[in-house]
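Order of the sequence lines sets the chain letters (A, B, ...), proteins ahead of strands, with each chain counted from 1.
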Number of protein chains: 2
Amino acid sequence: MNGRHSGRPTLEEVAVRAGVGRGTVSRVINGSPRVSDRAKAAVEAAIAELGYVPNRAARALAGNRTDAIALVIPEPETRLFAEPYFSDIIRGIGAELADTDMQLLLTLIRTPKERARFGQYLAAHRVDGVLLVSVHEDDPLPDLLEQLEMPAVLNGRRSDLESVSYVDADNVGGARAAVAHLIDRGRRRVATITGPLDMYVARARLDGYRQAMADAGLGGGAAGGGATGGSGAGEELIAAGDFTEEGGRRAMRELLARRPDVDGVFAASDVMAAGARAVLREEGRRVPGDVALVGFEDSAIARHMDPALTSVRQPTEEMGRTMARVLLEEIAERAAVRRHVVLATELVQRESV
Amino acid sequence: MNGRHSGRPTLEEVAVRAGVGRGTVSRVINGSPRVSDRAKAAVEAAIAELGYVPNRAARALAGNRTDAIALVIPEPETRLFAEPYFSDIIRGIGAELADTDMQLLLTLIRTPKERARFGQYLAAHRVDGVLLVSVHEDDPLPDLLEQLEMPAVLNGRRSDLESVSYVDADNVGGARAAVAHLIDRGRRRVATITGPLDMYVARARLDGYRQAMADAGLGGGAAGGGATGGSGAGEELIAAGDFTEEGGRRAMRELLARRPDVDGVFAASDVMAAGARAVLREEGRRVPGDVALVGFEDSAIARHMDPALTSVRQPTEEMGRTMARVLLEEIAERAAVRRHVVLATELVQRESV
DNA sequence: CGTGATTGTGGGAGCGCTCCCACTAGGCTT
DNA sequence: AAGCCTAGTGGGAGCGCTCCCACAATCACG
């Protein structure tokens, strides 16, 4: 016994057993077509008999790749992912990776120090690709990835001009549908509580609101897909939140002060909707009687609110799947073709409107 | 340009630059004490100048280890982890691993096929250790791990006799405190909605309930830490749920039918508490006026229920941290010393009792 | 029947580390 | 002064793969 030898069979042993050379075994394992059926069968039999499993480290070393991708989560965001959103994304990614032998590395980035460390990581090519969740407008990581020519896929995008590959939900369409629904139900003074407008996702949802209002001839919102430019009448129906419950509260109070006659509210997140709902209760407004309410995300909170919150669902698991698929494609073809995928959202109707 | 050479400096280049041998550089990197200060300084300078980062694959191949641990999540459970619970555990693990250069591999196990695959994985020693989340009573994975002598730490345990290392919350104590609180507030006919009793965690929480009832001289629950044996009077105050909202509903209806005078309910999870709360509302019972309610987990749902739910908080992030720490220790010392850690819980008081 | 392409194959030469053996230089003992 | 530690060091020999070159066998063609 060698002592350091782990007892696992090696490729070499498989070769001996199958009566072929190392090269042939390697070719079989990697699915090369340049192998005779006879040799292939012999090798496969030997692999089965020996219970051979290739050594990942050796492969990585010799092949200059890692068969691993990193899922990067900036720490401040982690809380947001307490929602099904995160686990659904992960489930999707996992499902797509299941048939591959890609490993999924979980990388939390908390501090600037860890960020730098991760930069080194990437530079040292310790992963074949990167999935990046919850990117901020000013996040330099995507640019770093691009510069290193590291295959990468974002969940969401930083702006309309995003160059790195991404998979995003149709935030504009979802918001538009939500607001259109409020209007369909007869609401006329429909307000919105936005997310922080330095986030693309917040701007997109605001755009959707504006479009729906303009479609209905209400408010002064600018239609069209442009940036958040409009400042016509109706701006007083727009209050800025920050995706937190407290932000939702503040924004709702503000709206109530500015337009006591508001009869519908589209909150750009369920959490903010929950905040708004609390304020409405305090102020003695009934939901949906006096004020109808729609959220965004279709989170657990939406289902457990009283009344249950109508909300826009994102195809979260599908987004995860798609992210993984796109990344694998990008890794496979070495050319840097960027892909931009936008998946449809769906309005889930409950009792709040 | 070599083409296959990635351009990253190697240990050899560092050695040349520092004017020392390969062995010395390796010793510096691995923190061996057998290096002179002079050599160490020279090597460190060379590393900094060259921006050297060790090649993980080469290390793994030569050193017969991987510097990676797997976080294993059985798929059926994933939904449960939509709650902060999961992300908190991960955050804790991440925090503990941050200063290490251990990688965290995320492994979802969905199908028996994937389970088998993961078995191979382990057998091939592709990770140095395993963190296992949400183990079921009959889960064979921990036994497999033990048999392979693979360092492993469970989140929770399968039974009181668990041999594999684990980190668990004090479920008995938490439940006991919750029920004691109900009793303190003057409730006398306190019922409990249990989880599936083939899960240890559900039995432990039921034990806590029994102990608190016995302490107060109420019900016929058996005190003491033994198994779920008691079947005295008061059993009609115990209804079985399954940790789902629907299960909570069913159990609450059952309780109401058996004991219409029930005035307090301890639900073994927030989700079941939400189900119970819905039924209570339907039946026209006020919470906490007519029936006081306590949950377990202190999830987002608890905060957003109406009234906000008093619940037992687990030190989730701390559990994650501890799991990682225990695993690292187990990996470091090659001896198979099993560790069992139980962390205290805390009652978070809100409006439902 | 030669010439050249094509298919299949074996095995050498690394990939970048760690392990460990051999060796030097100096300090301590007796 | 001779011996014997010990601290410190260099570098050979792998770890288990992939890549690729060389070569044999087979085939198609004129």
Enquirer: To the nearest 10 degrees, what angle separates the axes at the start and end of the helix from C:dC1-D:dG30 to C:dT30-D:dA1, five pairs each?
Expert: 40°
Enquirer: Would you be so kind as to tabulate the donor-acceptor pairs closer than 3.5 Å made by side chains of residues 16-35 of chain B, with sequence neighbours excluded?
Expert:
residue : atom : partner : partner atom : Å
B:R17   : NE   : B:E49   : OE1          : 2.7
B:R17   : NH2  : B:E49   : OE1          : 2.4
B:S26   : OG   : B:N30   : ND2          : 3.4
B:R27   : NE   : B:G23   : O            : 3.4
B:N30   : OD1  : B:R59   : NH2          : 3.0
B:N30   : ND2  : B:S26   : O            : 2.8
B:S32   : OG   : B:R34   : N            : 3.1

Enquirer: Is there side-chain contact between B:D143 and B:R158, with at least one heavy-atom pair below 4.5 Å?
Expert: yes
Enquirer: What pairs with A:R56 under salt bridge (charged side-chain N to carboxylate O under 4.0 Å, His left out), at least two apart in sequence or on another chain?
Expert: none
Enquirer: Of all the nucleotides listed (C:dC17, D:dT18, D:dG10), which has the minimum atom distance to the side chain of B:T10?
Expert: C:dC17
Enquirer: For D:dC17, does OP1 or OP2 lie under 4.0 Å from any side-chain N or O of A:S26?
Expert: no
Enquirer: Tell me every residue that passes salt bridge (charged side-chain N to carboxylate O under 4.0 Å, His left out) with A:E329, counting only those two or more places apart in sequence or in another chain.
Expert: A:R339
Enquirer: Could you state the atom-to-atom distance from CZ of B:R126 to C1' of D:dG16 in whole Å?
Expert: 13 Å
Enquirer: Measure the distance from CZ on A:R27 to P on C:dG8 and round it to the nearest whole Å.
Expert: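 Rounding to the nearest Å, CZ of A:R27 and P of C:dG8 are 10 Å apart.
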Enquirer: Quick check against the 3.5 Å criterion: does A:R8 have a side-chain atom that pairs as donor or acceptor with the backbone of A:G51?
Expert: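 A pair under 3.5 Å: yes.
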Enquirer: How long is the line joining CZ of B:R8 and P of C:dC17, in whole Å?
Expert: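 Distance check: B:R8 CZ to C:dC17 P gives 11 Å.
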Enquirer: Polar atom pairs between nucleotides 25-27 of chain D and protein, under 3.5 Å, N or O only, would you list them?
Expert:
none

Enquirer: Any salt bridge linking B:K113 with A:D99? Criterion: basic side-chain nitrogen under 4.0 Å from a carboxylate oxygen.
Expert: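 A salt bridge is present here (some side-chain N lies under 4.0 Å from a carboxylate O).
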Enquirer: Please work out if A:R22 contacts a base, only the sugar-phosphate, or nothing of the nucleic acid, heavy-atom cut-off 4.0 Å.
Expert: base
Enquirer: Write down the distance between CG (A:L11) and P (D:dC17), rounded to a whole number of angstrom.
Expert: 5 Å
Enquirer: Report the nucleotide, chosen from D:dT18, C:dC17, C:dT9, that has the shortest atom-to-atom distance to any side-chain atom of A:S36.
Expert: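 Of all the options, the side chain of A:S36 is nearest to C:dT9.
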Enquirer: If you find the nucleotide of DNA chain D closest to B:G21 and the one closest to B:A58, which residue's nucleotide is nearer the 5' end?
Expert: B:G21
Enquirer: Return the set of residues passing side chain to side chain donor-acceptor pair (under 3.5 Å) with B:R126 (not counting sequence neighbours), or none when no residue passes.
Expert: none
Enquirer: Which residues satisfy the salt bridge (charged side-chain N to carboxylate O under 4.0 Å, His left out) test with B:E44, sequence neighbours excluded?
Expert: none
Enquirer: What pairs with A:D128 under salt bridge (charged side-chain N to carboxylate O under 4.0 Å, His left out), at least two apart in sequence or on another chain?
Expert: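 Salt bridge (charged side-chain N to carboxylate O under 4.0 Å, His left out) list for A:D128, sorted by chain: empty.
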Enquirer: Under 4.0 Å from OP1 or OP2 of C:dG10: is there any side-chain N or O of A:T24 that close?
Expert: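 Affirmative; the distance criterion is met.
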Enquirer: Tell me, please, which residues at least two apart from B:E146 pass side chain to side chain donor-acceptor pair (under 3.5 Å).
Expert: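 Testing B:E146 for side chain to side chain donor-acceptor pair (under 3.5 Å), a comparison that skips the adjacent residues, returns B:S163.
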Enquirer: Applying side chain to side chain donor-acceptor pair (under 3.5 Å), can you list everything that pairs with B:E330, at least two apart in sequence or on another chain?
Expert: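 Checked B:E330 against side chain to side chain donor-acceptor pair (under 3.5 Å); matches are B:S165, B:R338.
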Enquirer: Pull out every residue in residues 37-57 of chain B that has a heavy atom closer than 4.0 Å to any atom of DNA chain D, ordered by number, or say none.
Expert: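 Within this stretch, B:A39 sit under 4.0 Å of the strand.
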Enquirer: Sequence neighbours excluded, which residues qualify as side chain to side chain contact (heavy atoms under 4.5 Å, CB included) partners of B:L148?
Expert: B:L122, B:L144, B:M150
Enquirer: Using atom CD of A:E12 as one end and atom C1' of D:dC15 as the other, report the distance to the nearest whole Å.
Expert: 12 Å
Enquirer: Would you kindly give the CG-to-P distance between B:D101 and C:dC17, to the nearest whole Å?
Expert: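 B:D101 atom CG is separated from C:dC17 atom P by 13 Å.
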Enquirer: Rounded to the Å, how far apart are B:N30 CG and C:dG16 P?
Expert: 17 Å
Enquirer: Grab the CZ-C1' distance between B:R59 and C:dG16 for me, whole Å please.
Expert: 11 Å
